[in-house]
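The figures here come from the full heavy-atom set of this structure, side chains too, leaving out hydrogens, waters and symmetry mates.
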Amino acid sequence: MIGDESKTIRDGAVAAWRIPGRNFMPIVAQAAGVRIDVPYNQLTDHEKEMVLHGEQKHYAIDIPSKNGRVFHMDNALYENAYNAVEDSMSTTKSEIALKRLNRFYRFFTCPMCHGTRMNPNRLSQLIDGLNIAQASQLPIGKLPAFVKRIKKWLPDNMQKLANNLTTELLNQTQPLLDLGLDYLTMDRAGASLSTGELQRIQLGRTLRTQTTGVLYVLDEPSVGLHPDNVSGLIKIFHQLVDQGNSLVVVDHETSIINAADYIIEIGPGSGVNGGQVIDQGSPAQIRQSKQSLIGPFLTGKAQLITRQVSAGDVFAKGAVRLTINRRFNLKHVTADFPVNRLIAVTGFSGAGKTTLVLDGLLDAFEAQLHHRSLPTYIDQFNPGKIKHIVSVDATPVGKNARSTVATYTNIMDNLRKKFAQLPEAKQHHYTPSYFSYNNKQGACPTCGGTGEISLDIQYLPDMVETCPTCQGKRFNQAILKIKWQGMSIADVLEDDVDHAISLFQDDESILKTLQVLQQMGLGYLHLGEATPSLSGGEAQRLKLTSHMKSRQNDTLFIFDEPTVGLHPLDVHVLLKVFSQLIDQGATVLMITHDLDLMANGDYLIDMGPRGGDQGGRIVAKGRPQDLIKLPQSLTTKYLAKHFQNFDPQH
Ligand SMILES: [Zn+2]
Ligand SMILES: [Zn+2]
């Protein structure tokens, strides 16, 4: 209730009176005889009692306003600190206000129902030994068996009723099982679900409501799905269409594309190089199409293995060994990760991939790096020769419009030095900092160096427009007058990487970075391109540029689902980058559902057999080309099929 006892009430000591609509309460308290210009901890017990528990009464008060006028209230109602919170709680409806009010409460598990929310009397009712709270704690995957047991257990005269109920229940459960949500418990809080899980639950519900004539638009529904769940997803798509609905699905997953009735392929590249319809038609037509880029992946004519996969002993260069004794669903799991190889960690959602790699491997390395003791759930950790660990995700690079390809790499710094060295710059005493649009000396005065201005139009969202002074060049006129080879620094930033390489032949430091960007398939990016607008795959590769120039013998790179949102052709580029890292001595580990990536791995660790309490074990490990000969796990079975799709002779 009291935020800061050393403050006076007028300065906001009473936190409860900072709730909206109570800002005049200090004045009312003053009218009730409480001193409000004395620090709270110096008030008398009587005054404190008044603040916390004083009677709800009307007082006449004068509220001075900012412009000097006085606002008089005859009957201001006094709310003590507790009343202020409780009254506000009983009248508010907004989520944000509730969140703010929750800070005044402490939460305990309810002693009556022990958090089950159910009337304790109801909990004594058991079906097959379980009360309703215990039944709700079952994972969805266990529901069908439970339902069948109930039926057997019921008396004969209830069988007909039970039939209706159990059939209904099983029908509702099936879509969720098809979508691989078997590991979720039925009482799982909605707020704790991932976006993908939520999307799939909604899809399951859509199916149950038996809509017809609805157009559903799904954006990358395959993200984060095991190949087996993708099959389930396709099954549900067909059911929705059979019910008379239409579906538009944006996706890169080739099995989904193959299952479509009609394909619209957009490209050919990304950004300015995209935006055209390359081809459209049935899968059969697209498979025949000459211009289609995805076609070869649908027919299996594309190359599946695009890198030199390790042929001999994968552990020839050493290993990292990790034993987890107990962590979530992992119990006594020992994993060996071969050094200087491309490793795939696979398995269903909830199988324990993340626990093994991020909680296990990553935390163990971090503990070692900071000379801390290992997390208690790790029994054994032998890092081998690995000393560094780099975790690379596909989240956007840089948060604001000031971050560009040039500033993210070392290119901008070198460019600024280069321009400051020019005779004309020296004449004006322009130091390198003048050639930065993030500094006052360099920035365009109108837009402050962002190249755009946002127009604040009332009642409408802000509109962003190219800056009229610098035309998006970000620099001021004086700086733009300084030219190198006839170009201002802004002109250079408008150049793309591929072309800039010819400009900087004599500039070793810039040239090297440009070449790395080109090797990583980013040659089409402009040096001044704002990084927040890059795609996930582009961001991922940009983050790797600084690692590509040196030896990486003692570094392990971890990629969590690196192919999310990537076209199969982008996957090829990514594999090339992985190969390059490995050539430089690095070890690369990827957590993935992507069969193309798995096929190109040197070593595969499959967690499973499924998710939740059905997972947590290593169900397959070895070289992918060996594992597919006699596939034991679901993942390797799908991988074997994938190899066959690409190579009929296999
Ligand atoms: Zn309760
Ligand atoms: Zn400007």
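The ring pair (Phe, Tyr, Trp, His ring centres under 6.0 Å) test applied to Tyr262 returns no partner, not counting sequence neighbours. The ring pair (Phe, Tyr, Trp, His ring centres under 6.0 Å) test applied to Phe559 returns Phe578, not counting sequence neighbours. Tyr408 meets the ring pair (Phe, Tyr, Trp, His ring centres under 6.0 Å) test with no other residue; sequence neighbours excluded. Residues satisfying the ring pair (Phe, Tyr, Trp, His ring centres under 6.0 Å) test with His226, not counting sequence neighbours, are Phe348. Asp251 is linked by a salt bridge (Lys or Arg N to Asp or Glu O under 4.0 Å) to nothing, counting only residues two or more places apart in sequence or in another chain.
For residues 360-397, the pairs satisfying ring pair (Phe, Tyr, Trp, His ring centres under 6.0 Å) are Phe365-Phe381, with sequence neighbours left out. Applying the side chain to side chain donor-acceptor pair (under 3.5 Å) test to residues at least two apart or on different chains, the pairs with a partner in residues 338-360 are Lys317-Asn340, Arg327-Asp359, Thr346-Asp606. Listed by first then second residue, pairs satisfying salt bridge (Lys or Arg N to Asp or Glu O under 4.0 Å) with a partner in residues 222-241 read Asp178-Lys235, Asp228-Arg610, not counting sequence neighbours. Sorted by first and then second residue, the salt bridge (Lys or Arg N to Asp or Glu O under 4.0 Å) pairs with a member in residues 266-292 form an empty list; sequence neighbours excluded. Within the structure, salt bridge (Lys or Arg N to Asp or Glu O under 4.0 Å) contacts touching residues 501-515 (residues at least two apart or in different chains) are Lys418-Asp507. Each salt bridge (Lys or Arg N to Asp or Glu O under 4.0 Å) pair with one or both residues in residues 366-390, not counting sequence neighbours, would appear here, but there are none.
Side-chain atoms of Val320 and Asp336, non-hydrogen and from C-beta on, never get closer than 4.5 Å to each other. At least one side-chain heavy atom of Leu203 sits less than 4.5 Å from a side-chain heavy atom of Phe237. Taking the side chain as every heavy atom from C-beta outward, Phe646 and Asp596 approach each other to under 4.5 Å.
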Output side-chain donor-acceptor pairs under 3.5 Å for residues 566-577, partner residues at least two apart or in another chain, one line each.
from: His567; atom 1: ND1; to: Leu569; atom 2: N; distance (Å): 2.9
from: Asp570; atom 1: OD2; to: His567; atom 2: N; distance (Å): 3.2
from: His572; atom 1: NE2; to: Gln303; atom 2: O; distance (Å): 3.4

